[in-house]
Participant: 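After the structure tokens below, expect a handful of questions from me.
Side chains are part of it too, since the values below use all heavy atoms of this structure and drop only hydrogens, waters and symmetry mates. Owing to the predicted nature of the structure, the values given are computational and were not obtained by experimental measurement. Note that ligands are numbered from 1 as they come in the structure, with each ligand's atoms numbered from 1 the same way.
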Amino acid sequence: MSQELIDGFLAAIPLPSVLVDQTERFIAVNLEGATLLGPQIVGRHFATILRQPSVTTAIEQCLVDRKPRVARHLSNDGAQDTTFEVTLRYVQGLGAVKGGAVLICFADVTDRETASQMRRDFVANVSHELRTPLTALMGFIETLRGAARDDAAARDRFLSIMEGEANRMNRLVGDLLSLNRVESEERMRPKERIDLIAHLNSTIKSLAPLAEQRGNILTLDAPALPVEIPADADQIQQVFTNLIENALKYGGKKVSVVLTVLDRDPALRCAAVRVQVIDDGPGIDPVHLPRLTERFYRADNHRSREMGGTGLGLAIVKHIINRHRGRLRVESDLGKGATFTVILPQ
Ligand code: ADP
């Protein structure tokens with residue numbers, strides 16, 4: 001086969017691809033391959049370019065036994081790591097000397113790897129979060145069967161701790177189901193139009209007992225007239241319940257909710273409403289801010305657990321806001337309280 005024909009075939013492969021013949025040198029490379037491995041590699045020994053043992057061994061073996069192989073190649077362009085799945089196939093009759101050549105194609109599988117790593121982390125996190133209360137429950141059951149069997153006071157105390165642990169598991173399962181539902185609906189835009197002020201009022205009313213119990217002052221500052229937006233009523237209520245509840249749990253004495261109608265939001269490029277949940281609490285160290293909406297991420301582990309937090313609230317909030325094509329911004333600093341801003345298109 002002429003060099004022109006070989007180059008033509010390689011150019012038609014939509015992945016970075018190279019050919020290595022029995023002289024162990026590159027005999028052809030397509031444009032994508034040159035971008036990945038560098039220019040002018042034709043004629044060079046493959047081991048001077050591809051140095052990772054999994055790939056070099058696969059090439060050596062494939063040149064000998066001519067069997068297909070798969071290897072892994074990791075590259076780093078300085079900014080990020082990329083993982084390639086490298087497939088090797090022997091092509092008869094190609095190359096400078098008789099015998100043939102190995103066609104090596106590089107498929108970028110970084111996204112797939114990241115997704116499966118995230119899935120593994122998520123399962124590990126859920127198992128860990130469920131196991132903690134479960135272990136406590138099992139421990140107390142054993143104690144109630146044994147040492148505390150005839151001690152009425154201890155029995156009552158243990159049963160109330162067990163109730164707390166069971167509630168914690170129940171909240172976690174509830175939040176997991178909620179997250180699942182929100183994620184599966186993320187692509188469907190809400191059609192219903194709701195009055196945001198009425199919903200904020202009802203959220204605040206339902207959280208008033210918590211505010212009172214904690215001695216907090218919870219206020220709403222909003223226009224007098226209804227403000228309509230396209231939204232899913234239950235989900236919007238969930239967003240503000242989570243944000244206001246967090247402000248009450250982690251914040252200081254004052255929590256204010258401020259609604260402003262914007263003629264045009266620069267980020268959304270349309271008319272929008274802005275709702276800010278502002279507290280005067282201890283705030284959040286800025287190092288945590290970029291990861292705050294990740295599942296199970298907590299700025300203060302101890303405090304979250306003490307407050308019965310599942311670590312999923314802000315992840316749910318983020319997905320709901322994404323579904324509404326809105327934005328969530330968090331501004332905070334230690335000792336300066338926290339402001340959670342939600343922007344929703346009108
Ligand atoms: P959790 O169930 O732990 O409350 P969230 O996802 O709702 O989980 O919040 C994640 C973390 O963000 C919390 O654990 C807490 O550390 C921090 N956080 C959220 N809101 C505030 C706030 N208003 N002030 C200080 N920290 C906050």
Side-chain angles (χ1 to χ4, degrees), residues 118 121-122 125-133 164-183 186 200 203-204 206-207 210-211 213-221 235-258 274-323 326-342:
M118 278 171 70
D121 288 350
F122 182 63
N125 273 326
V126 171
S127 314
H128 173 75
E129 297 283 338
L130 282 172
R131 178 160 275 177
T132 313
E165 296 297 334
N167 280 335
R168 183 192 179 85
M169 289 176 80
N170 197 26
R171 269 197 308 276
L172 180 62
V173 173
D175 275 0
L176 284 169
L177 290 172
S178 191
L179 189 61
N180 197 32
R181 205 171 36 245
V182 170
E183 275 186 316
E186 201 164 321
L200 283 176
T203 306
I204 285 175
S206 69
L207 288 171
L210 176 66
Q213 180 198 330
R214 303 185 53 80
N216 285 319
I217 304 160
L218 175 58
T219 55
L220 172 66
D221 178 359
Q235 290 190 343
I236 284 299
Q237 204 119 357
Q238 200 171 0
V239 164
F240 293 109
T241 302
N242 281 344
L243 294 181
I244 300 170
E245 207 172 68
N246 276 351
L248 294 172
K249 284 191 315 193
Y250 304 114
K253 278 282 162 253
K254 267 173 56 191
V255 174
S256 29
V257 181
V258 182
R274 181 179 67 205
V275 184
Q276 293 184 297
V277 179
I278 307 163
D279 72 66
D280 63 347
I284 306 162
D285 188 328
V287 295
H288 297 297
L289 297 182
R291 299 192 57 193
L292 215 56
T293 56
E294 282 177 24
R295 299 153 180 198
F296 298 116
Y297 190 88
R298 295 161 165 112
D300 181 341
N301 239 314
H302 178 70
R303 186 136 176 78
S304 162
R305 284 174 207 281
E306 187 185 59
M307 291 293 174
T310 60
L312 293 174
L314 290 178
I316 295 172
V317 164
K318 182 186 72 181
H319 283 289
I320 295 179
I321 294 175
N322 283 349
R323 182 187 172 205
R327 297 277 190 281
L328 172 70
R329 281 192 210 113
V330 189
E331 288 151 290
S332 189
D333 211 337
L334 284 176
K336 298 201 173 134
T339 299
F340 286 76
T341 304
V342 178

Participant: Does an N or O from L292, backbone or side chain, lie closer than 3.5 Å to an N or O of ligand 1?
Facilitator: no
Participant: Check for me whether R303 meets the cation-pi criterion with Y250, that is, NZ or CZ under 6.0 Å from the six-membered ring centre and within 45 degrees of the ring axis.
Facilitator: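 No, cation not above the ring by the 6.0 Å, 45° rule.
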Participant: Would you mind listing which atoms of ligand 1 come within a distance below 4.0 Å of any non-hydrogen atom of G313?
Facilitator: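 Taking each heavy atom of G313 in turn, ligand 1 has 5 (P), 6 (O), 7 (O) under 4.0 Å.
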Participant: Would you indicate whether the side-chain heavy atoms of R274 and V342 approach each other to under 4.5 Å?
Facilitator: no
Participant: Distance to 0.1 Å, residue and atom name: give those for the protein heavy atom nearest to atom 19 (C) of ligand 1.
Facilitator: N246 ND2, 3.6 Å
Participant: Walk me through whether E129 and R171 qualify under salt bridge (charged side-chain N to carboxylate O under 4.0 Å, His left out).
Facilitator: CA-CA 11 Å; E129 297 283 338; R171 269 197 308 276; over 6 Å; no
Participant: Note the single closest protein heavy atom to atom 8 (O) of ligand 1, along with its residue, its atom name and the distance in Å.
Facilitator: G311 CA, 3.3 Å
Participant: Hey, are E165 and R305 close enough for a salt bridge, meaning a charged N less than 4.0 Å from a carboxylate O?
Facilitator: no
Participant: For atom 24 (N) of ligand 1, what's the nearest protein heavy atom and its distance?
Facilitator: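 Checked against all protein heavy atoms, atom 24 (N) of ligand 1 sits closest to Y250 CB, 3.5 Å.
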Participant: For atom 23 (N) of ligand 1, what's the nearest protein heavy-atom neighbour? Residue, atom name and distance, please.
Facilitator: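 Of every protein heavy atom, D279 OD2, 2.8 Å lies nearest to atom 23 (N) of ligand 1.
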Participant: Do other residues, nucleotides or ligands put more than 12 heavy atoms under 6.0 Å from the CZ atom of R131?
Facilitator: no
Participant: Is the contact between K249 and ligand 1 made by the side chain, the backbone, both, or neither, using heavy atoms and a 4.0 Å cut-off?
Facilitator: side chain
Participant: Any heavy-atom pair between the side chains of I244 and F340 that's under 4.5 Å?
Facilitator: no
Participant: At a 4.0 Å cut-off, with the gap strictly under it, does some heavy atom of H288 reach an atom of ligand 1?
Facilitator: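 Contact check H288 vs ligand 1: negative.
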Participant: With a 4.5 Å cut-off on side-chain heavy atoms, are V317 and T293 touching?
Facilitator: no
Participant: Give yes or no for whether the N/O distance cutoff of 3.5 Å, strictly under, is met between I284 and ligand 1.
Facilitator: no
Participant: Any donor and acceptor pair, going by atom type alone, linking the side chain of R298 with main-chain N or O of T310 inside 3.5 Å?
Facilitator: yes
Participant: Just to confirm my output: which protein heavy-atom neighbour is closest to atom 3 (O) of ligand 1, and how far is it?
Facilitator: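 Answer for atom 3 (O) of ligand 1: S304 OG, 2.6 Å.
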Participant: Looking at atom 16 (O) of ligand 1, what's its closest protein heavy atom, distance included?
Facilitator: A299 N, 3.1 Å
Participant: So, does R295 use its side chain to make a donor-acceptor pair with the main chain of I316 at under 3.5 Å?
Facilitator: no
Participant: In ligand 1, which numbered atoms sit nearer than 4.0 Å to a non-hydrogen atom of D300?
Facilitator: 16 (O)
Participant: Quick check: G309 and ligand 1, any N/O pair under 3.5 Å apart?
Facilitator: no
Participant: Measuring only between side-chain heavy atoms, which start at C-beta, is V257 closer than 4.5 Å to T219?
Facilitator: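 No, their side chains stay 4.5 Å or more apart.
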Participant: Give the residue and atom name of whichever protein heavy atom lies nearest to atom 6 (O) of ligand 1, and the separation in Å to one decimal.
Facilitator: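 Atom 6 (O) of ligand 1 sits closest to the protein heavy atom L314 N, 2.8 Å.
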Participant: Please confirm whether Y297 comes within less than 3.5 Å of ligand 1 when only nitrogen or oxygen atoms on both sides are compared.
Facilitator: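 N/O-N/O distance below 3.5 Å does not exist for this pair.
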